[in-house]
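Heavy-atom basis, side chains included; hydrogens, waters and symmetry copies ignored.
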Amino acid sequence: MTLADVIPSLRSSLPPRGLDRELWPLTTEHGRGGISVGGVPLMEIEQEYGTPAYVLDEADVRERCAAYCAAFGPAHVVYAAKALLSRGLLRWIDEAGMGLAVYSTGQWQLALAAGFPAERVVVHGDVDARGAGRVVIESAADIARLTCTRRPQRQKVMLRLLPAQLGFAKAGLPACPSQDRFGVPTDGAELAELVAEITSNPLLELVGLDVYLGSQLAQFGGYEHAISQLVAACADLRRSHGVHIEEINLGGGFAVAHTGQETTLPVDPFAARMRRVLALACDRASVRPPRLSVTPGRAIVARAGVALYRVLAVRHEQGHQLVAVDGGLSDNPRPALYGARYTAVLVGRPSTAATVPTTVVGRHDEAGDVLVRDEPLPDDLRPGDLIAVPGCGAYHFPLASNYDLVGRPPLLAVRDGRARVLVRRETLDDVLRRDEE
């Protein structure tokens, strides 16, 4: 079953008011029991597991894995662990045949503990990941670190490049300026020096080039500019060092809509366009085409996630409603960090009340603790109501904190009418146990 097969069947099942089908998990339905995901009513999830809680649609994640694998090929899709990670999720990624990009020792160790194939892991950052398939080098310090770490075999490495003048008309959340992050400019002496150091090292094998352009990027143009610069770099490396680059990775950052005003980057047209651009650039540069790979994270899991909250208090003002819930900054810091926006719906009881612009705030008494702003919700909301926020599968669970000594919510998978715990709720005992006098 494909995305195209699933979506039409859902369009007739979603309620006419309050749910934008483009923002919710694929298996979302509405019936006598209210809104359900994966065949499990959200009210039942709240009753069994409490709030706040993250709900993840397993079928949605698997389908989006299949869509990216169909567009690029399983061996050319590397899931970005920073978006969301758990043992259960790793199993779905593994079964799809995808690779895994890790960014910390914790992520690497979890991948090993879950039995994920080490040869399909791409390592970023200061991680002693002996046995990993590839390691991304961002500076000369990485070369020194890899060289002094004893490894059982020659390590395949990729170079993180910093393309210039990408030409995004609407940049989404752009990457940090080049002066604020590590990587190597696509032209200049630094690239040549690093390549010379790698190629002269018998412990390292340069196989690819890697980029990160930003996140929530909905346009093709910047990626096209990046391909042109990467291919030019491939041609230069072949001429100056005799190096053939086997792979270029365009990173991720593919936009996912969280509100009706946002756009999702379509994977099939994107993949087809990137292959054409790569073929043309290689033909012009007389370069043998390298493999094209991508590293989606948000695009795989964001739409699969729903966050559940219980209403604590309601205040009415003229033409506006303010709602406080039992979560907030500690389980979703994205609105405070970079202005992310979300929608919300009332779950569990019908309401015929008129809608009114509603701002949903958290429990932390902070200026930035706003989960949803000016969303049309029924003006009869009351304490005890359940609110669901879609699009919460990416960068919620990983960014959650113990601010105000609040335990982090559980991560729950739903599929075929059953809910199960991927990561349990963090209790107050868990939080206090680390505090030593």
Side-chain angles (χ1 to χ4, degrees), residues 18-25 28 51-57 60-61 64 80-85 103 168-176 212-219 222 251-265 295-309 322-345 357-377 387-401 403-404 406 408-409 411:
L19 249 65
D20 182 341
R21 62 178 177 268
E22 302 298 331
L23 308 179
W24 287 76
T28 304
T51 56
Y54 306 116
V55 180
L56 193 67
D57 182 357
D60 187 300
V61 174
R64 298 190 193 281
K82 62 173 61 179
L84 180 67
L85 196 64
Y103 304 83
F168 283 113
K170 185 178 181 182
L173 298 171
C176 294
Y212 170 68
L213 308 184
S215 62
Q216 286 294 73
L217 304 175
Q219 297 176 324
F254 313 129
V256 176
H258 292 85
T259 71
Q261 290 72 50
E262 296 177 338
T263 302
T264 296
L265 186 140
T295 308
R298 183 196 318 272
I300 298 294
V301 295
R303 287 266 304 273
V306 177
L308 298 180
Y309 300 101
L322 182 66
V323 174
V325 296
D326 58 354
L329 187 64
S330 58
D331 59 78
N332 182 10
R334 295 189 66 247
L337 287 175
Y338 35 77
R341 297 185 68 90
Y342 293 88
T343 63
V345 299
T358 302
T359 296
V360 179
V361 299
R363 60 186 294 178
H364 297 288
D365 193 26
E366 292 282 352
D369 193 11
V370 177
L371 293 174
V372 180
R373 190 178 295 279
D374 295 330
E375 180 70 11
L377 290 173
I387 286 180
V389 179
C392 295
Y395 298 103
H396 287 237
F397 179 80
L399 288 174
S401 73
Y403 185 52
D404 283 341
V406 172
R408 287 169 288 191
L411 179 64

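The shortest non-hydrogen separation linking T264 to A257 is OG1-N, 3.0 Å. Pairing each heavy atom of G393 with each of L56, the nearest pair is CA-CD1, 4.4 Å. What you find for P409 and D331 is that their closest heavy atoms are CG-CB, 3.8 Å. Of all heavy-atom pairs between L329 and E366, the closest is CD2-CG, 4.1 Å. Here the closest heavy-atom approach between residue Y309 and residue G328 is recorded as CE2-N, 4.1 Å. When every heavy atom of G260 is checked against every heavy atom of L23, the shortest pair comes out as N-CD1, 4.0 Å.
The side-chain heavy atoms of P398 and L85, taken from C-beta on, include no pair separated by under 4.5 Å. Residues P25 and V306 form a side-chain contact, since some pair of their non-hydrogen atoms from C-beta on lies under 4.5 Å apart. Side-chain contact between R298 and S215 is present, with heavy atoms from C-beta onward closer than 4.5 Å.
The CG atom of L399 sits 11.0 Å away from the CZ atom of R408 when rounded to the nearest 0.5 Å. The distance from the NZ atom of K82 to the OG1 atom of T295 is 10.0 Å, given to the nearest 0.5 Å. Taking OH of Y395 as the reference point, atom CG of N332 lies at 13.5 Å (rounded to 0.5 Å). Atoms CG and OH, from L411 and Y54 in turn, are 8.5 Å apart once rounded to the nearest 0.5 Å.
Evaluation of the side chain to side chain contact (heavy atoms under 4.5 Å, CB included) rule for R363 yields V406 as partners, not counting sequence neighbours.
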**Q.** Derivation of the side-chain hydrogen bond (donor to acceptor under 3.5 Å, both in side chains) call for R334 and Y342
**A.** CA-CA 10 Å; R334 295 189 66 247; Y342 293 88; 2.4 Å; yes
Q) Stepwise, does the side chain to side chain contact (heavy atoms under 4.5 Å, CB included) test hold for T359 with D374? A) CA-CA 5 Å; T359 296; D374 295 330; 3.7 Å; yes
Q | V345/I387 under side chain to side chain contact (heavy atoms under 4.5 Å, CB included): CA gap, chis, key distance, verdict | A | CA-CA 6 Å; V345 299; I387 286 180; over 6 Å; no
Q: Give the C-alpha distance, both sets of side-chain angles, the deciding distance and a yes or no for side chain to side chain contact (heavy atoms under 4.5 Å, CB included) between V361 and L322.
A: CA-CA 8 Å; V361 299; L322 182 66; 3.8 Å; yes
Q. Given the rule in the side chain to side chain contact (heavy atoms under 4.5 Å, CB included) test, do L84 and I300 qualify, once you have shown the distances and angles that lead to the verdict?
A. CA-CA 10 Å; L84 180 67; I300 298 294; over 6 Å; no
Q: List the steps and the verdict of side-chain hydrogen bond (donor to acceptor under 3.5 Å, both in side chains) for H364 and D369.
A: CA-CA 7 Å; H364 297 288; D369 193 11; 4.9 Å; no
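Between the side chain of R341 and the backbone N or O of R373 there is at least one donor-acceptor pair closer than 3.5 Å. With T51 contributing its side chain and A53 its backbone, the two residues share no donor-acceptor pair below 3.5 Å. Side-chain N or O atoms of R303 include one that pairs as donor or acceptor with a backbone N or O of E22 at under 3.5 Å.
Atom CG of D365 has 12 or fewer heavy atoms from other residues, nucleotides or ligands within 6.0 Å.
With hydrogens and angles left out, the side-chain atoms of T343 and H258 include no donor and acceptor closer than 3.5 Å.
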